[in-house]
Asker: 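This is the structure I have questions about; it appears just below.
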Amino acid sequence: MAAFTLNGKPVSVKTEPGTPLLWVLRDELKLTGTKYGCGAALCGACTVHLNGAAVRSCVIPVSAVEGARVTTIEGLSPASSHPLQKAWIDQSVPQCGYCQSGQIMKAAELLAANRNPSRAEIIQHMNGNLCRCGTYHRIIAAIQQAAKEA
């Protein structure tokens, strides 16, 4: 049994302690916004916040989140009203969209720590979150737009 706060609400799940958080979120709790990309913490599609820090949920065992706060893309804001979510739409960021929840969660970590990041700081922070469609310029533009609105 693992108990933690998920998107502001207490949850508990009965699963093996070594089960990756990603599979608990998707299979047990039916929150499918967090995606499976590589299973090795290399692509960023599975990024969620753990106590405010962006982490790769595919390699975090559920036992590691006991008593912690986990935020997924579904919990980032009510009705997708977060400035990043709005900017993603305004800038037409997604093509296939698969990596986008991980991109947004990583960008949200940046904006929580730095309200006005430079282009270089955005690139450095987002490095390692992969987009197979190559929408990196639009991702940067959306983060810059969201920084102005936040």
Asker: With distance as the sole test, does R56 use its side chain to make a donor-acceptor pair with the main-chain N or O of T47 at under 3.5 Å?
Answerer: no
Asker: Could you state whether L76 and V55 fall into the same hydrophobic cluster, counting links through intermediate Ile, Leu, Val, Met, Phe, Trp or Tyr residues with side-chain heavy atoms under 4.5 angstrom apart?
Answerer: no
Asker: With sequence neighbours left out, what residues match N114 under side chain to side chain donor-acceptor pair (under 3.5 Å)?
Answerer: E121
Asker: Each residue besides V59 in its hydrophobic cluster should be listed here, by chain and number; the cluster joins Ile, Leu, Val, Met, Phe, Trp and Tyr at side-chain heavy-atom distances under 4.5 Å.
Answerer: none
Asker: Donor-acceptor pair, N129 side chain versus G102 backbone, under 3.5 Å?
Answerer: yes
Asker: Check V48 against S57 and note the closest heavy-atom contact, atom names and distance.
Answerer: CG2-CB, 3.9 Å
Asker: Return the SG to CZ distance between C131 and R138, rounded to the nearest 0.5 Å.
Answerer: 8.0 Å
Asker: Can you see which heavy atom on E74 is nearest to which on L31, and at what distance?
Answerer: OE2-C, 3.5 Å
Asker: Sequence neighbours excluded, which residues qualify as ring-ring contact (aromatic ring centres under 6.0 Å, His included) partners of Y136?
Answerer: none
Asker: Kindly write out the residues that satisfy side chain to side chain contact (heavy atoms under 4.5 Å, CB included) with E16, not counting sequence neighbours, or none if the list is empty.
Answerer: T19
Asker: Listed by chain and number, what are the side chain to side chain contact (heavy atoms under 4.5 Å, CB included) partners of A40, not counting sequence neighbours?
Answerer: C38, L42
Asker: Would M105 and T71 satisfy side chain to side chain contact (heavy atoms under 4.5 Å, CB included), going step by step from the backbone distance to the final call?
Answerer: CA-CA 9 Å; M105 295 305 287; T71 305; 4.1 Å; yes
Asker: Apart from M1 itself, what residues make up its hydrophobic cluster when side-chain heavy atoms of I, L, V, M, F, W and Y under 4.5 Å apart count as a link, directly or indirectly?
Answerer: none
Asker: May I have the list of side-chain donor-acceptor pairs in residues 3-13 shorter than 3.5 Å, sequence neighbours left out?
Answerer:
| residue | atom | partner | partner atom | Å |
| --- | --- | --- | --- | --- |
| N7 | OD1 | T72 | N | 2.8 |
| N7 | OD1 | T72 | OG1 | 3.4 |
| N7 | ND2 | T72 | OG1 | 2.9 |

Asker: For residues 142-150, tabulate all N or O donor-acceptor pairs below 3.5 Å that involve a side-chain atom, not counting sequence neighbours.
Answerer:
| residue | atom | partner | partner atom | Å |
| --- | --- | --- | --- | --- |
| Q145 | OE1 | Q91 | NE2 | 2.8 |
| Q145 | NE2 | D90 | OD2 | 2.7 |
| Q145 | NE2 | E149 | OE2 | 3.1 |

Asker: Keeping to residues at least two apart or across chains, list the ring pair (Phe, Tyr, Trp, His ring centres under 6.0 Å) pairs with something in residues 12-59.
Answerer: W23-Y36
Asker: Got a sec, which residues hit side chain to side chain contact (heavy atoms under 4.5 Å, CB included) with A64, two or more places apart in sequence or on another chain?
Answerer: I60, P61
Asker: Check whether I139 and I123 end up in the same hydrophobic cluster, where Ile, Leu, Val, Met, Phe, Trp and Tyr are linked by side-chain heavy atoms less than 4.5 Å apart.
Answerer: yes
Asker: Scan for side-chain hydrogen bond (donor to acceptor under 3.5 Å, both in side chains) pairs involving residues 97-106, sequence neighbours excluded, and state none if there are none.
Answerer: W88-Q100, K106-E109
Asker: Report the distance from atom CD1 of I104 to atom CD1 of I73, rounding to the nearest 0.5 Å.
Answerer: 4.5 Å
Asker: A side-chain contact here means heavy atoms from C-beta on lying under 4.5 Å apart; do L111 and P117 qualify?
Answerer: yes
Asker: Could you report the tightest heavy-atom contact between C46 and C58, atom names first, then the distance?
Answerer: SG-N, 3.3 Å
Asker: Quick one: are R69 and L50 in side-chain contact, heavy atoms under 4.5 Å?
Answerer: no
Asker: Which residues satisfy the side chain to side chain contact (heavy atoms under 4.5 Å, CB included) test with S77, sequence neighbours excluded?
Answerer: S81, H82, Q85
